[in-house]
Asks: 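Structure in structure tokens, see below.
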Number of protein chains: 2
Amino acid sequence: MDSFQEIKDLFHVLGNPNRLKLFNILMTGVHCNCELSDQTGMAINLISHHLKVLQAAGLVKSIRGDTDARWIYYSVNEEKIKSVQTEINAFFDPERMIDREPICPPCKTKTKETNNE
Amino acid sequence: MDSFQEIKDLFHVLGNPNRLKLFNILMTGVHCNCELSDQTGMAINLISHHLKVLQAAGLVKSIRGDTDARWIYYSVNEEKIKSVQTEINAFFDPERMIDREPICPPCKTKTKETNNE
DNA sequence: CATATACTTCAATATAGATTGAATTATATA
DNA sequence: TATATAATTCAATCTATATTGAAGTATATG
């Protein structure tokens with residue numbers, strides 16, 4: 001997948017405020033479902049839905065509890081976070097900027113000529 | 001404005017694929033409206049709308065042409081980009097992660113106790 | 001001043017996807 | 001095995017906002 005596509009997916013997934021809120025909590029460490037519910041006030045099934053999207057994007061992972069497998073613990077995928085940082089820094093890199101002249105007049109003129117013939 | 005709010009706004013604004021596409025082009029330098037239209041295939045009024053949102057978020061700025069003031073040239077706000085980079089690196093900083101124990105069992109037990117009394 | 005060009009604004013519609021409540025699945029425990 | 005708990009899935013609805021076409025504004029030019 002090209003890097004623009006990855007950036008696009010990232011922004012799309014984290015563009016939702018509730019999803020971002022959940023991800024932000026997970027960035028501070030492992031949390032169980034009930035903690036996420038307590039801290040956000042979101043319905044449990046809604047949390048479940050958003051975590052699934054975050055997981056599908058590779059940003060988050062989950063493991064079942066070892067003492068009680070009904071509980072599920074969520075955390076960020078640290079490898080993915082690293083690559084996200086790299087990608088995003090490249091995306092916002094001011095070095096991408098080129099000192100250019102917009103070609104506005106030429107492209108319009110061309111159109112005009114074509115129409116006038 | 002707190003930094004989470006800024007991150008939230010950023011992701012919301014760039015969460016739209018067309019807006020991201022426009023911003024991505026502007027990251028490579030100044031462009032006129034017609035170039036943006038050529039490169040994206042988007043309707044001119046739609047471009048105008050999205051640029052306005054990008055501008056309201058402080059990400060993009062525009063100036064009218066000096067030879068012909070009908071033309072408008074768009075570019076990214078470099079100062080803003082710098083602060084965005086800083087904020088976003090802080091947001092994704094793995095150092096935020098704390099090695100903690102989810103408190104799932106306690107919080108449920110507490111609820112149960114309260115209900116049983 | 002009238003017409004053309006570049007762009008924006010407005011109002012209406014379309015659409016993706018967020019949210020909700022109910023049903024379902026997985027695990028644990030009496 | 002029956003019941004309770006934790007979480008997910010499903011189907012239906014709601015909502016924000018993207019998109020479209022038409023009208024409006026600003027600037028330029030004959």
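Order of the sequence lines sets the chain letters (A, B, ...), proteins ahead of strands, with each chain counted from 1.
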Asks: Would you kindly give the CD1-to-P distance between B/Ile44 and D/dA22, to the nearest whole Å?
Replies: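 Distance, rounded to whole Å: 17 Å.
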
Asks: Sugar-phosphate means primed atoms, P, OP1 and OP2; the rest is base. With that split, encode nucleotides 22-30 of chain C 5' to 3' as B, S or - using protein heavy atoms under 4.0 Å.
Replies: B----BS--

Asks: Among the nucleotides D/dT8, C/dA18, D/dA6, which one has an atom lying closest to any side-chain atom of A/Asn16?
Replies: C/dA18

Asks: I need the CD1-C1' distance between A/Ile63 and D/dA7, as an integer number of Å.
Replies: 15 Å

Asks: Of B/Asn77, B/Leu59, B/Leu51, which is the lone residue that meets side-chain contact (heavy atoms from CB on, under 4.5 Å) with B/Leu26?
Replies: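 Option passing the side-chain contact (heavy atoms from CB on, under 4.5 Å) with B/Leu26: B/Leu51.
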
Asks: Can you check whether A/Tyr74 has a side-chain N or O nearer than 4.0 Å to OP1 or OP2 of D/dT8?
Replies: yes

Asks: If you define the side chain from C-beta out and look only at heavy atoms, does anything of B/His31 sit under 4.5 Å from A/Arg100?
Replies: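 Result yes, sub-4.5 Å side-chain heavy-atom pair found.
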
Asks: What's the CG-P distance between B/Leu36 and C/dA6, to the nearest Å?
Replies: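 Those two atoms, CG and P, are 15 Å apart.
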
Asks: To the nearest Å, how far apart are A/Leu46 CG and D/dC14 P?
Replies: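 Rounding to the nearest Å, CG of A/Leu46 and P of D/dC14 are 17 Å apart.
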
Asks: To the nearest angstrom, how far is A/Met42 atom CE from C/dT19 atom C1'?
Replies: 9 Å

Asks: What is the distance from CH2 of B/Trp71 to C1' of D/dA28, rounded to the nearest Å?
Replies: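 For the pair B/Trp71 CH2 and D/dA28 C1', the rounded distance is 10 Å.
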
Asks: Please state whether the phosphate of D/dA18, meaning OP1 or OP2, lies under 4.0 angstrom from any side-chain nitrogen or oxygen of B/His49.
Replies: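 Yes, within the criterion.
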
Asks: List in numerical order all residues of residues 50-62 of chain A for which some heavy atom is under 4.0 Å away from an atom belonging to DNA chain C.
Replies: A/His50

Asks: Within a reach of under 6.0 Å around CD of B/Glu101, are more than 12 heavy atoms found that belong to other residues, nucleotides or ligands?
Replies: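 At most 12 heavy atoms, drawn from other residues, nucleotides or ligands, come within 6.0 Å of this atom.
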
Asks: Do side-chain atoms of A/Thr28 reach the backbone of A/Asn24 as a donor and acceptor pair under 3.5 angstrom?
Replies: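 Such a contact is absent between A/Thr28 side chain and A/Asn24 backbone.
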
Asks: Examine C/dA18: is either OP1 or OP2 under 4.0 Å from a nitrogen or oxygen in the side chain of A/Asn18? Give yes or no.
Replies: no

Asks: Looking just at side-chain N and O atoms, do A/Asn89 and A/Gln85 make a donor-acceptor pair shorter than 3.5 Å?
Replies: no

Asks: What are the two closest heavy atoms between B/Phe92 and A/Leu14, and how far apart are they?
Replies: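 Closest approach of B/Phe92 to A/Leu14, heavy atoms only: CZ-CD1, 3.8 Å.
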
Asks: Rounded to whole Å, how long is the line connecting atom CD1 of B/Ile72 with atom P of D/dT25?
Replies: 16 Å

Asks: For B/Asn33 and D/dT25, give me the distance from atom CG to atom P, rounded to whole Å.
Replies: 19 Å

Asks: Could you check whether any side-chain heavy atom of A/Val13 comes within less than 4.5 Å of a side-chain heavy atom of B/Phe11, counting everything from C-beta outward?
Replies: no

Asks: With the side chain counted from C-beta on, respond yes when B/Asp93 and A/Ile81 share a heavy-atom pair under 4.5 Å apart, and no when they do not.
Replies: no

Asks: Between C/dT8, D/dT19, D/dA6, spot the one nearest the side chain of B/Ser48, thanks.
Replies: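 Of C/dT8, D/dT19, D/dA6, C/dT8 is nearest to the side chain of B/Ser48.
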
Asks: Test your reading of the model: is there a side-chain donor-acceptor pair from A/Glu35 to the backbone of A/Cys32, 3.5 Å cut-off?
Replies: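 Pair found, side chain donor or acceptor close to backbone of A/Cys32.
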
